[in-house]
Amino acid sequence: MTDSRTLFQESSDVFPGGVNSPARSFRPYPLFMRSGKGARVTDTDGMDYIDYCLGYGPLILGHANPKVAESISKQARRSILLGTPTELETMLAVKIRDAIPSMEMLRFVNSGTEATMHALRLARGFTGRRKVIKMEGCYHGSHDYVLIKSGSGALTHGVPSSPGIPEEVSETVRIAKYNNMESVKEIFDNEPEGIAALIIEPIMANAGVILPENGFLRELRRITSENGSLLIFDEVVTGFRFHYGAYSSMIGVSPDLTILGKIIGGGTPIGAFGGRRDIMSALSPSGSVYQAGTFSGNPLTMAAGNAALDELSAMDYSALGKLLDRAVSGIREKFSQAGMEVAVNSMVSMFQFFPGVTCVANYEDAMRADSGLYGRIFSGMLKEGIYLASSQFETNFLSFSHSVESIDETVNALEKVIRSAEAEIRS
Ligand SMILES: Cc1ncc(COP(=O)(O)O)c(C=O)c1O
């Protein structure tokens, strides 16, 4: 077996920075995993970790869920790719629509990035307007129209707005502030008839976890409707994460378009965008806004997605909420025992802690957290066999495979790691 350090040297020769996606990179080198089962992953050195990264969110059922794995392998024997419509696609779409009625029609693609890219084109094509609003620190994938003041790996690696994006593109994107209605209003006041859509993560999951203030999303619904703009909720992270459906249904706000990804593919590559029938009908071939993909709705992904949603529909999400409460109070207690400040933000099955601050209600607060200390805690926890989100600006996830024992093991490890971080700070 080859260890991660050696594998990283080899991968650095063929991949920029040694990885195929920057969020996976951390110092001194990322761990190379060999397998995953339930709540645990095993690296190439044979070391086991309780996993809170969970493939960056899709694996809410845990690693290698037997029903999903069986469905994929059965389908692989039947056909891997057909390049025709299949019944599997309609089955998955109907399940999603039953759970999220505002998605009257939808289309499958292969990633969240593709889904937001096509949804924004559709919004522009449908409204005949050029500009879109996005929120500072929200991440919607890595295409030109959304990689501006972005979150996730872009923020972690200090390139929230990437070189290479033509000015003609960035000039069409207006940036507002999450939880700040004034910043949104100002844009609409300046360009009342120019905005095709406002896209937002209803819960920000790519600058840590940041929750919407009371009424904020409802106000966005109002102001977009009043100005003839579309409201797009990017629920790539939040979809099917807190209950069997979208976050929008929990808060009673109906967006015009919803973006999904991650969980609905059961761990295989997927994205979806959907919403009002009149808008979706503008897509080719029923309409003139073009969008296509060789692998969109491919049988393996559809088999995995159908199996994952069947499993999820029978799950009790409140059990996840109880585990989360245990994790959050454990984290707060361990920081408080060490006399250190921390803000912990959470929702049902996702959480993030921000050392060095007491409250994170927006992007600026998140930027004030002690991300250096977070990094030291992350490294310390790895040595204890706990794989947290590797960056302050990512999210920790819980799965139905996590247990009270895994949470307690994590919180006990945190106590040890905080103690040694504290000793380091003092020395
Ligand atoms: C909210 C959100 N939207 C879009 C994306 C992009 O999805 P993908 O990585 O599948 O392209 C992500 C990825 O983490 C995300 O968190």
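Just the heavy atoms: all of them, side chains too, but no hydrogens, waters or symmetry mates, feed the values below. Residues: numbered from 1 along the sequence shown. Each ligand, and each atom within it, is numbered from 1 in the order the structure gives.
Under the 6.0 Å cut-off for aromatic ring centres, F397 and Y56 do not qualify, their centroids lying 6.0 Å or more apart. Ring centroid separation for the pair F26 and F378 comes in under the 6.0 Å cut-off. Aromatic rings from Y145 and H140 are positioned such that their centres are separated by 6.0 Å or more. Centroid-to-centroid, the aromatic rings of F353 and F335 come within less than 6.0 Å.
The closest approach between Y56 and ligand 1 stays at or above 4.0 Å for every heavy atom of the residue. Residue contact annotation: V237 has a non-hydrogen atom under 4.0 Å from ligand 1. Ligand 1 lies out of reach of E114, whose nearest heavy atom is not under 4.0 Å from it.
A donor-acceptor contact under 3.5 angstrom links the side chains of H143 and T116, judged on distance only. For the residue pair Y374 and Q352, a side-chain donor N or O sits within less than 3.5 Å of a side-chain acceptor on the partner. If you check the side chains of T86 and E89, you find a donor sitting under 3.5 Å from an acceptor.
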Point to revise | From CA spacing to verdict: side-chain contact (heavy atoms from CB on, under 4.5 Å), I270, M302 | key: CA-CA 9 Å; I270 196 165; M302 294 298 108; 3.9 Å; yes

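Numbered from 1 in the order shown, with element, the atoms of ligand 1 that lie under 4.0 Å from a heavy atom of G141 read 4 (C), 5 (C), 6 (C). Distances below 4.0 Å separate heavy atoms of S111 from the following atoms of ligand 1: 10 (O), 11 (O). The ligand atoms of ligand 1 that sit less than 4.0 angstrom from a heavy atom of E201 are 1 (C). Near N206, with a cut-off below 4.0 Å to any heavy atom, the atoms of ligand 1 are 1 (C), 15 (C), 16 (O).
When only interatomic distances are considered, the shortest N/O to N/O separation between V236 and ligand 1 does not fall below 3.5 Å. Considering backbone and side-chain N/O of T116, none are found under 3.5 Å from N/O of ligand 1. The shortest N/O to N/O separation between H140 and ligand 1 does not fall below 3.5 Å.
Salt-bridge annotation for D98 and K95: absent, with no side-chain N of the basic residue lying under 4.0 Å from a carboxylate O of the acidic one.
In this structure, atom 3 (N) of ligand 1 lies nearest to the protein heavy atom D234 OD2, 2.6 Å. Looking only at protein heavy atoms, the nearest one to atom 14 (O) of ligand 1 is K262 NZ, 2.8 Å. Nearest protein heavy-atom contact of atom 11 (O) of ligand 1 is T113 OG1, 2.6 Å. Ranking the protein heavy atoms by distance from atom 10 (O) of ligand 1 puts G112 N, 2.9 Å first.
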